[in-house]
Protein chains: 2
Amino acid sequence: MRAITQTDIVCVMAHLTASVEYGLHCLLWLAGSAVPLSSRDLAEFQGISPSFVAKIFPKLEKAGIVGASEGVHGGYLLTKEPGDISVLDVVDAIEGQKPLFDCQEIRGRCAVFGERPPGWATTGTCAIHAVMLRAEKAMRDSLASQTLADVAGVLDRKAPADFSNDVRDWLDGRVKSRARKPVGRELSSQPGIDEP
Amino acid sequence: MRAITQTDIVCVMAHLTASVEYGLHCLLWLAGSAVPLSSRDLAEFQGISPSFVAKIFPKLEKAGIVGASEGVHGGYLLTKEPGDISVLDVVDAIEGQKPLFDCQEIRGRCAVFGERPPGWATTGTCAIHAVMLRAEKAMRDSLASQTLADVAGVLDRKAPADFSNDVRDWLDGRVKSRARKPVGRELSSQPGIDEP
DNA sequence: AAAACTCGGATAATCTCTATCCGTGTTTAT
DNA sequence: ATAAACACGGATAGAGATTATCCGAGTTTT
């Protein structure tokens, strides 16, 4: 059985993208960590692309969700309580308030208008656009009502008691192994994650 | 001033696509028509691509929203009352229930699991996926709550009294002009709509 | 001084959406 | 009967976005 690589993932181009998924998963692990975790730690821990995760975190930092510390023992930490970070905050930080619908103002091109459409046809919001804006607001309200703490709570109730210990051990070992001479054999215990 | 052509439209790749926008605009005009309108009638009336509109209508027909009649005076008619067609019906007919979010099951790739993740980690719905599904349901509920009749009502209140007469005249003239020898000069009274 | 980190830019591959064209079969008007 | 117009489906090309990777510059800790 071969390890799953990034090239196995197919693009589906949904509105809420894989970037958001990666970011949320990383933030969940960050919510339970007292020490800074680097983007590479988080990526290899979850078996996802380190270079791609590294592109996501600067966006989260600009949005004030995480803070970065540089240097050998640097990494990211949450800057707010998990209960104060909504899923919508993360989505907007990564996708930049991407609209659900892009109105092309077809209403003004009606053939009976000729060259220039009358004012009543182009003022205000297009009736179809208004429907989409209401749907978008419903979606955003739902995303805003759930916080990272809510999602983390669901995970905690599913996982057995010793799982969080295993996770902390793995991440702590990862952090402690920095700034040492590479051990070679030990680091390759997670094969096939980074190379195609 | 140059007429707007199809190549002027830029792709933005929102979740609710231009296909849905075109379809809804066409259905609104269809809601006010007693005679069948062809996809080309509807496209040229609105200054949008006839061949692209022609690809949308078979989907609407399969969904039971419109019915087609073939032949020289053929075209499409609504098969239901506008009040019985929700915007969600149209969106699903054209986009095929495209999901808002595509979960890639990252939870099962955690490094502490090794080759095979334990059952508790992969059963049920991923907690992050569940958040997105709730948001998607909120969006779909909103779209389902609005019908074509609602949208058409907004338009009717904005347009002046003689607008619907102008529209009917244009479309009727269009339908009547079928199956006649091409007049040449008369048909080119809407220039620059079809050719780049 | 060396090592590890963050950060930003540049680049390639892949996918979806948009748009167009062509051929087949059917119905209606001349 | 013949021609015109229609619906329908398949094949094809271009544009844009997302995903993924690599490299160099600057910073901090050991």
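The phosphate of C:dT27 (OP1 or OP2) has no side-chain N or O of B:Ser69 nearer than 4.0 angstrom. Between A:Thr17 and the phosphate of D:dA17, there is no side-chain N or O to OP1/OP2 separation shorter than 4.0 Å. Residue B:Arg40 places at least one side-chain N or O closer than 4.0 Å to OP1 or OP2 of D:dC6. Proximity of A:Ser19 to the phosphate of D:dT19: a side-chain N or O atom is located under 4.0 Å from OP1 or OP2. Put simply, A:Lys98 has a side-chain N or O that comes within less than 4.0 Å of OP1 or OP2 on D:dT18. An OP1 or OP2 oxygen of D:dC22 is reached within less than 4.0 angstrom by no side-chain nitrogen or oxygen of A:Ser51. Not one side-chain nitrogen or oxygen of B:Ser49 sits closer than 4.0 Å to the OP1 or OP2 atom of C:dT18. Taking 4.0 angstrom as the limit, A:Lys62 places a side-chain polar atom (N or O) nearer than this to OP1 or OP2 of C:dG8.
Computed from coordinates, the A:Glu61 CD to C:dT6 P distance equals 10 Å when rounded to whole Å. For A:Asp102 and D:dA17, the CG to C1' distance is 13 Å, given to the nearest whole Å. Counting to the nearest Å, the P atom of C:dT6 and the CD1 atom of A:Ile56 are 14 Å from each other. Rounded to whole Å, the distance from CG on A:Asp41 to P on C:dA4 is 12 Å. Rounding to whole angstrom units, OH of residue A:Tyr22 and P of D:dT19 are separated by 8 Å. As rounded to whole Å, 12 Å separates atom P of D:dA7 from atom NE2 of B:His73. We find that CZ of A:Phe101 is positioned 15 Å from P of C:dC17, with the value rounded to whole Å. We find that CD of B:Glu70 is positioned 16 Å from P of C:dT24, with the value rounded to whole Å.
The side-chain contact (heavy atoms from CB on, under 4.5 Å) check on A:Asp150 picks up A:Gln146, A:Thr147, with sequence neighbours excluded.
Note on A:Glu105 versus A:Arg107: salt bridge recorded, some NZ/NE/NH1/NH2 to OD/OE distance being below 4.0 Å.
Heavy atoms of B:Lys59 sit nowhere under 4.0 angstrom from any nucleic acid atom. B:Phe57 comes within contact range of no nucleotide atom at all, as no heavy-atom separation falls under 4.0 Å.
Both B:Ala54 and A:Glu95 lie close to DNA chain D; mapped to their nearest nucleotides by heavy-atom distance, the more 5′-ward contact belongs to B:Ala54.
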Given the rule in the ring pair (Phe, Tyr, Trp, His ring centres under 6.0 Å) test, do B:Phe113 and A:Phe163 qualify, once you have shown the distances and angles that lead to the verdict?
-> CA-CA 10 Å; B:Phe113 293 156; A:Phe163 177 62; 5.6 Å; yes
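Closest to the side chain of B:Ser39, out of C:dG8, C:dT18, D:dA7, is D:dA7. Distance from the side chain of B:Lys55 is smallest to D:dA11 among C:dT6, D:dA11, C:dG8.
Residue pairs that meet the salt bridge (Lys or Arg N to Asp or Glu O under 4.0 Å) test with at least one member in residues 152-168 of chain B, sequence neighbours left out, do not exist here.
Here the closest heavy-atom approach between residue B:Pro82 and residue B:Ala31 is recorded as CG-CB, 3.8 Å.
Side chain of A:Asp141 to backbone of A:Ala138: no donor-acceptor contact under 3.5 angstrom is found.
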